[in-house]
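For ligands, and for the atoms within them, numbers begin at 1 and follow the listed sequence. Reckoned from all heavy atoms, side chains included, excluding hydrogens, waters and symmetry mates.
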Amino acid sequence: MTLTAENAAARATPESTAGTATVRPPLDPQALRADFPIFERLIHGKRLAYLDSASTSLKPRRVLDAMDGYNRRYTANVHRGIYTTGEEATAAYEESRVKIARFINAPDPHEIVQVRNATEAINLVAYSWGRRNIGRADTIVLTELEHHANLVPWQLLVQEKDADLEFVPIHDDGRLNLQTYEVLLRTRPKLVAFTHVSNGLGTINPVREMVEMAHAAGALVLVDGAQAVPHLPVDVRAIDADFYVFSGHKVLGPTGSGALWARRELLDAMPPFLAGGEMIREVHLRRTTFNDVPWKFEAGTPDIAAAIGLGAALDYLADLGMDRLREHERELVGYALEVLPREVPGITIYGPASADDRGGVVTFNLPGVHPHDVATLLDRDAIAVRAGHHCTQPLHERLGEAATARASFNVYSDRDDIDRLAKGLRSVQRVFDRPTSESHAATTQASANDLD
Ligand code: PMP
């Protein structure tokens, strides 16, 4: 085995000695980049500054090797073949379920449904739990921060059932207005669904408190963890929600992987969502009985390689330590919030003013320049940022912007990426010949901090 930063990092994991926990050093993003083959490639002759991890993360070699191992050495369907490779495939697929459960501290791997992404997990709950439990005039409470994946499935449900949606508004700095949340809970909603971390603004919501408030009002809670599981230590037992979902492709894992965690009694009571092979116990021409959970919700052949890759990604992150990843991103966001307004006069930054309240996301605009132009020009310098509404159109309506640009981070991101972003944005401004006076800078920074 060659010593890559990946296995070096894993080896560097200090043991607690005689009950004394050792403080681990901060993550070393430059060394970790050696684990990600994409960095072997140059884009327009330059190292890729990948600042779009909130959209999808890069994949370390360990994930690629795990998927390759399945495809090359033990390809077989799962839960079917009573032969060596079939049993190996089933064991690896089920082992990923155990790794997912461990990673989010779920009490029981049987409470983990393996799905293709967070969108599928939310649709599963909306179709299965929602169609059985939501009726006429019932209320579902969402927030203005939601990704379309945690909005449109509920719109379809309430249209069908003649039920209602209510929305927790945000303060101007992107934090939820919890006073209004409290008022909305007095309507006794059946379900509250909100994101743990906003993909649009980075806001880290006070999930524990919000779940407690919802439960006190008699509602069940779904938490969209698509932007939390990749960036923070997540403990579903401590959060105490009823449903928690995330996508594998943002957690350094492959596309086509993800998970729904739900309380066992809820899953047991929920009717199937997709039907077909694998989710059944006995099938007769006119009648079927269903498999136990979680397989009742895993109809058809799953994306086996992706599930195995997700398990490898979670191992990789667990070895690095999610607390270290959180600290790394908090530091980077703090640096970006300091450097960008200073180096890029006129920039508008959206979202909470403090890095303590944000995941690894910095959303911004250059006045007078469309974010698509920003992203296109940055690409010439091999800087990848996202431009658009980030699947949060209602949030953008609230911000009064059709689109924004967004830089987002992960283990391989560093201060150099942010310095390059700042320099790239100055070049964009030169191309568009925008005014760059100090007073303009001061005004927009003030407005970014003073939005509440
Ligand atoms: N929720 C949030 C907060 C997200 O950021 C995303 C992806 N951008 C999703 C849900 C949907 O994820 P996917 O497209 O992987 O289903």
Side-chain angles (χ1 to χ4, degrees), residues 50-59 63 100 104 113-127 142-156 167-168 170 174-176 192-205 207 210 221-232 234 239 241 243-261 273-274 302-303 306-307 309-310 313 329 350-352 358-363 384-396 398 403-410:
Y50 186 71
L51 293 171
D52 199 16
S53 291
S55 186
T56 198
S57 59
L58 304 178
K59 323 300 173 197
V63 168
I100 294 166
I104 59 172
V113 182
Q114 305 208 67
V115 292
R116 281 178 305 147
N117 48 43
T119 302
E120 182 177 314
I122 296 169
N123 275 279
L124 192 163
V125 177
Y127 278 86
L142 307 175
T143 85
E144 282 183 347
L145 283 175
E146 298 317 308
H147 187 281
H148 298 164
N150 197 28
L151 169 60
V152 184
W154 307 117
Q155 289 177 346
L156 294 181
F167 297 91
V168 184
I170 54 169
R175 287 174 305 114
L176 290 172
V192 175
F194 55 84
T195 191
H196 189 160
V197 176
S198 156
N199 68 310
L201 298 176
T203 320
I204 302 175
N205 288 323
V207 276
M210 290 176 71
V221 184
L222 178 143
V223 177
D224 173 359
Q227 296 293 343
V229 176
H231 306 285
L232 314 168
V234 167
I239 292 168
F243 305 100
Y244 195 98
V245 309
F246 72 95
S247 292
H249 69 95
K250 296 179 200 283
V251 195
L252 310 185
T255 52
S257 65
L260 160 69
W261 168 79
F273 168 42
L274 298 176
D303 193 335
L310 174 55
E329 291 191 349
Y350 305 93
R358 279 188 190 247
V361 169
V362 177
T363 299
V385 298
R386 172 91 182 261
H389 52 62
H390 322 304
C391 299
T392 54
Q393 269 186 324
L395 172 62
H396 278 73
R398 168 67 179 77
T404 52
R406 181 185 71 188
S408 54
F409 314 125
N410 211 303

Checking ring pair (Phe, Tyr, Trp, His ring centres under 6.0 Å) for the pair His148/His389: CA distance, chi angles, key distance, verdict? CA-CA 10 Å; His148 298 164; His389 52 62; 5.5 Å; yes
Per side-chain contact (heavy atoms from CB on, under 4.5 Å), Ile122 is matched among Asn150, Asn117, Val115 by Asn150
For atom 4 (C) of ligand 1, what is the nearest protein heavy atom, given as residue, atom name and distance? His147 CD2, 3.3 Å
How far is atom 3 (C) of ligand 1 from the closest protein heavy atom, and which atom is that? Asp224 OD2, 3.5 Å
Between His390 and Thr404: side-chain donor-acceptor atoms closer than 3.5 Å: yes
Residue pair Trp261 / Ile100, side-chain heavy-atom distance below 4.5 Å: no
Student check: side-chain heavy atoms of Thr392 and Glu144 closer than 4.5 Å: no
Proximal ligand 1 atoms for Thr195, defined as those under 4.0 Å from one of its heavy atoms: 3 (C)
Atoms of ligand 1 close to Ala226 [distance to a heavy atom under 4.0 angstrom, numbered from 1]: 1 (N), 2 (C), 4 (C), 6 (C), 9 (C), 10 (C)
closest protein heavy atom to atom 12 (O) of ligand 1 is Ser247 OG, 3.5 Å
So, do Val168 and Phe194 sit near enough that their side-chain heavy atoms are less than 4.5 Å apart? no
Among protein heavy atoms, which sits nearest to atom 14 (O) of ligand 1, and what does the distance come to when rounded to 0.1 Å? Thr119 OG1, 3.7 Å
Can you check whether Met210 reaches Val221 side chain to side chain, under 4.5 Å on heavy atoms? no
In the protein, which heavy atom is nearest to atom 5 (O) of ligand 1, and how far is it? Gln227 NE2, 2.7 Å
Kindly confirm or rule out an N or O of His249 lying under 3.5 angstrom from an N or O of ligand 1. yes
closest protein heavy atom to atom 8 (N) of ligand 1 is Lys250 NZ, 2.7 Å
